[in-house]
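The structure displayed is predicted, hence computed values, not measured ones.
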Amino acid sequence: MPDKNVIFMLDAHQAYIYHPGDECKKYAAENALLFQAISGTYIPLLNMLASLENDKIRFKLAVAFSAPLCTLLSDPVVQKQYIDWLDRRIELGHSELERCRKLPELTVNVKFCLEKIKQDRFDFTERYEQNLLKYFTLYARKGYLELLATTGTYIFLPHYADIPEILNAQVETGLYAHKHFFGMPADGFWLPYMGYTVGIEKVLHAYGVNYTVLDSQSILFSETEPVNGLFAPVRCTNSLTVFGRDSDNQTRGENQFIQNSIYRDQGRDIGFELSAEQLSCFYDKGSERQPTGYRYWSNGETERRQPAENRSRTEDLYNPEAALKQAEADAEEFLEHKRSRLEAAAALVDVPHVSLVCSYDANLFGQTWYEGLYWLEQVIRKAADSDIRIAGFSDLLQNDYTFQKIQPYPSAAYGTGYGEDLLDSTNGWMMRYVRKASLRMVELAGFFPDDTGLKARLLNLGARELMIAQSSEWAKMIHEGWNPEYAAARFRESILAFTRVFDSLGSNTVSTEWLTSLEHAHPIFPWINYRIFSRKK
């Protein structure tokens with residue numbers, strides 16, 4: 001009888017939003033995207049790993065950390081900004097205690113939020129020494145994490161399938177960045193948005209990648225019928241192993257776990273509910289509003305449109321104890337559902353292992369779903385007392401030469417399954433600029449194969465700015481309406497910088513002051529070598 005396995009795959013990525021110095025305050029809303037991820041996901045994830053290790057529970061989680069995220073987490077400027085960000089919220093918490101002093105039920109939740117922020121500050125500065133990547137690496141070496149590499153920036157690779165030099169450069173940069181930040185090579189590779197089209201498997205295999213993960217329809221829509229469905233990995237024709245994502249997801253969607261009325265409402269934050277006067281200690285005059293982390297309400301329906309201080313009933317006040325109990329029950333239901341499916345599959349297939357791959361955007365846990373990491377911890381704990389193993393991909397790769405060979409179908413895990421929302425009427429204008437710049441970069445790498453000194457610095461800057469512009473995070477932000485003006489401006493900034501590099505090389509003139517200032521403003525990929533865009537001979 002095959003053994004039963006559940007693989008949890010977390011996709012940890014972040015747009016490269018970097019504002020050194022005093023600009024932190026000017027662009028606080030964009031910086032908050034990363035800072036909320038640190039407080040909501042990455043610190044709690046490390047705490048969860050420590051708790052499970054302390055209780056000697058064996059498991060393995062798969063995580064792909066993008067290079068922009070790792071760059072930001074390891075930057076001393078960003079680390080200092082994050083501490084300042086926490087300090088402002090601690091100050092706001094004390095102001096909230098004063099405002100709510102005559103509302104004892106609400107004061108309980110104010111204290112709960114304030115203590116969480118104080119604990120985050122202690123964990124970040126003392127427990128993890130402002131170096132989260134160091135501790136993620138430690139847990140990977142101990143066998144609790146399986147770290148996958150991903151592309152240099154969060155690019156949707158099918159958009160560049162006809163420009164192999166771009167695919168090569170993004171994959172090579174991602175693999176190098178992974179080794180740079182974690183000190184170890186990656187066996188697996190995460191494709192952003194699970195974007196796949198025919199030919200990408202050849203690039204991955206050429207760089208020594210052994211496996212990747214694709215959306216379920218890539219497997220199920222293959223012309224060769226997958227005899228084991230999604231319950232076992234398959235091989236591409238070049239022997240790259242492919243795991244299919246389980247599309248039966250209980251954590252999201254209508255009437256599913258995350259919508260439970262007991263869980264905390266992550267959309268109701270006092271930063272958007274209270275008056276400017278009440279938040280005067282927090283906001284600079286004229287600054288735009290942003291989340292504060294002070295969220296007092298559950299997902300219940302009672303008087304949802306009333307400001308917090310005007311509510312006459314308290315049924316919907318968030319109850320942490322009740323929410324954690326619900327998370328435990330949901331973990332039990334989730335595990336039982338997976339067990340029944342795995343047992344049914346085990347009776348039908350002839351393989352040593354049956355498995356289901358549950359992949360998530362890491363931001364789901366702790367941010368979109370406040371109790372999500374506690375839920376995940378409970379799943380792992382309950383699985384330890386059952387016949388289900390929380391495994392990594394590498395645990396199932398023995399005898400991979402016996403896996404069925406198929407040709408995966410082009411697909412993605414965004415939009416309706418093809419990534420079309422990354423190229424629609426709101427953001428499609430970006431593609432003509434970035435593809436033109438991509439073709440020009442390939443030409444430049446061929447025109448200047450052996451240059452050094454100032455010209456090489458200029459070419460490396462152009463390579464960096466191009467890779468930033470290639471990130472599909474900007475298109476996603478525009479499509480989803482999250483600060484679309486900033487995303488468009490940030491994209492244009494990199495395209496214009498690349499264009500200036502191209503023009504400077506054509507005229508053989510360059511402003512060293514401009515070059516130095518942009519190198520300082522965007523210090524991602526300091527090791528980059530523009531020759532990665534060269535045509536392979």
Side-chain angles (χ1 to χ4, degrees), residues 7-14 60-70 136-137 140 145-161 164-216 218-219 233-245 355 357-362 391-397 400 403 406-408 410-414 419 467 470-473 525 532 536:
I7 300 174
F8 282 101
M9 172 69 216
L10 305 186
D11 174 20
H13 59 94
Q14 169 71 39
K60 186 178 288 185
L61 296 179
V63 187
F65 289 97
S66 72
L69 174 61
C70 292
F136 282 120
T137 303
L145 291 181
E146 182 171 348
L147 300 177
L148 284 73
T150 187
T151 50
T153 52
Y154 213 69
I155 183 177
F156 188 67
L157 289 177
H159 287 166
Y160 303 87
E165 294 81 12
I166 301 303
L167 305 186
N168 292 334
Q170 282 280 353
V171 171
E172 184 173 332
T173 301
L175 289 169
Y176 188 95
H178 184 277
K179 191 169 183 179
H180 171 82
F181 288 112
F182 298 106
M184 62 184 80
D187 198 39
F189 198 93
W190 176 258
L191 297 172
Y193 306 100
M194 292 189 196
Y196 169 79
T197 193
V198 177
I200 290 177
E201 73 278 8
K202 296 178 182 178
V203 176
L204 296 181
H205 199 255
Y207 279 96
V209 174
N210 287 327
Y211 68 86
T212 190
V213 187
L214 298 181
D215 191 58
S216 57
S218 279
I219 310 299
V234 294
R235 285 187 296 164
C236 296
T237 53
N238 66 347
S239 293
L240 177 75
T241 298
V242 173
F243 291 83
R245 179 182 71 147
S355 61
V357 178
C358 303
S359 70
Y360 305 94
D361 189 318
F393 296 107
S394 58
D395 297 324
L396 308 181
L397 290 178
D400 55 351
F403 297 161
I406 69 168
Q407 177 56 63
S411 70
Y414 194 66
M467 295 194 77
Q470 287 173 340
S471 172
S472 294
E473 295 277 25
F525 308 136
I532 59 172
K536 297 292 188 275

- request: Give the intermediate values and the outcome of side-chain contact (heavy atoms from CB on, under 4.5 Å) for residues Cys358 and Phe8.
  value: CA-CA 5 Å; Cys358 303; Phe8 282 101; 4.1 Å; yes
Which atom pair, heavy atoms only, marks the closest approach of [X] to [Y]?
X	Y	value
Ala412	Gly419	CB-N, 3.6 Å
Pro408	Val198	O-CG2, 4.4 Å
Pro68	Gly152	CD-O, 3.3 Å

Look up atom [atom1] in [X] and atom [atom2] in [Y], then write down how far apart they are to the nearest 0.5 Å.
X	Y	atom1	atom2	value
Cys236	Leu214	SG	CG	7.0 Å
Asn238	Gln407	CG	CD	8.5 Å
Asn168	Lys536	CG	NZ	4.5 Å
Lys60	Leu145	NZ	CG	9.5 Å

Is [X] reaching over with its side chain to a backbone N or O of [Y], donor-acceptor style, under 3.5 angstrom?
X	Y	value
Thr150	Ser66	no
His13	Leu69	no
Asp215	Met194	no
Glu146	Ser394	yes
Thr197	Pro410	no
Ser359	Arg245	no

statement: With Thr153 as partner, the option from Gln170, Gln470, Glu473 fulfilling side chain to side chain donor-acceptor pair (under 3.5 Å) is Gln170
message: Hydrogens and angles aside, do Tyr160 and Glu165 bring a side-chain donor and acceptor to less than 3.5 Å of each other?
response: no
- request: Could you please spell out the steps behind the ring pair (Phe, Tyr, Trp, His ring centres under 6.0 Å) verdict for Phe156 and Tyr414?
  value: CA-CA 10 Å; Phe156 188 67; Tyr414 194 66; 8.4 Å; no
- request: Assess the pair Phe136 and Phe182: is the distance between their ring centroids shorter than 6.0 Å?
  value: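 No.
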message: Assess the residue pair Phe393 and Val213 against the criterion (side-chain contact (heavy atoms from CB on, under 4.5 Å)); give the C-alpha distance rounded to whole Å, side-chain angles, the decisive distance to 0.1 Å, and a yes or no.
response: CA-CA 10 Å; Phe393 296 107; Val213 187; 3.5 Å; yes
task: Under the side-chain contact (heavy atoms from CB on, under 4.5 Å) rule, what do Ile219 and Phe243 come out as? Steps first, then yes or no, please.
output: CA-CA 8 Å; Ile219 310 299; Phe243 291 83; over 6 Å; no
message: Quick one, Tyr196 and Leu157 - any side-chain contact, counting heavy atoms below 4.5 Å?
response: no
- prompt: With a 4.5 Å limit on heavy-atom distance, are the side chains of Val242 and Ile406 in contact?
  reply: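 Not touching, per the 4.5 Å side-chain cut-off.
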- prompt: For Thr212 and Ile200, what are the C-alpha separation, side-chain angles and deciding distance, and is it a side-chain contact (heavy atoms from CB on, under 4.5 Å)?
  reply: CA-CA 11 Å; Thr212 190; Ile200 290 177; over 6 Å; no
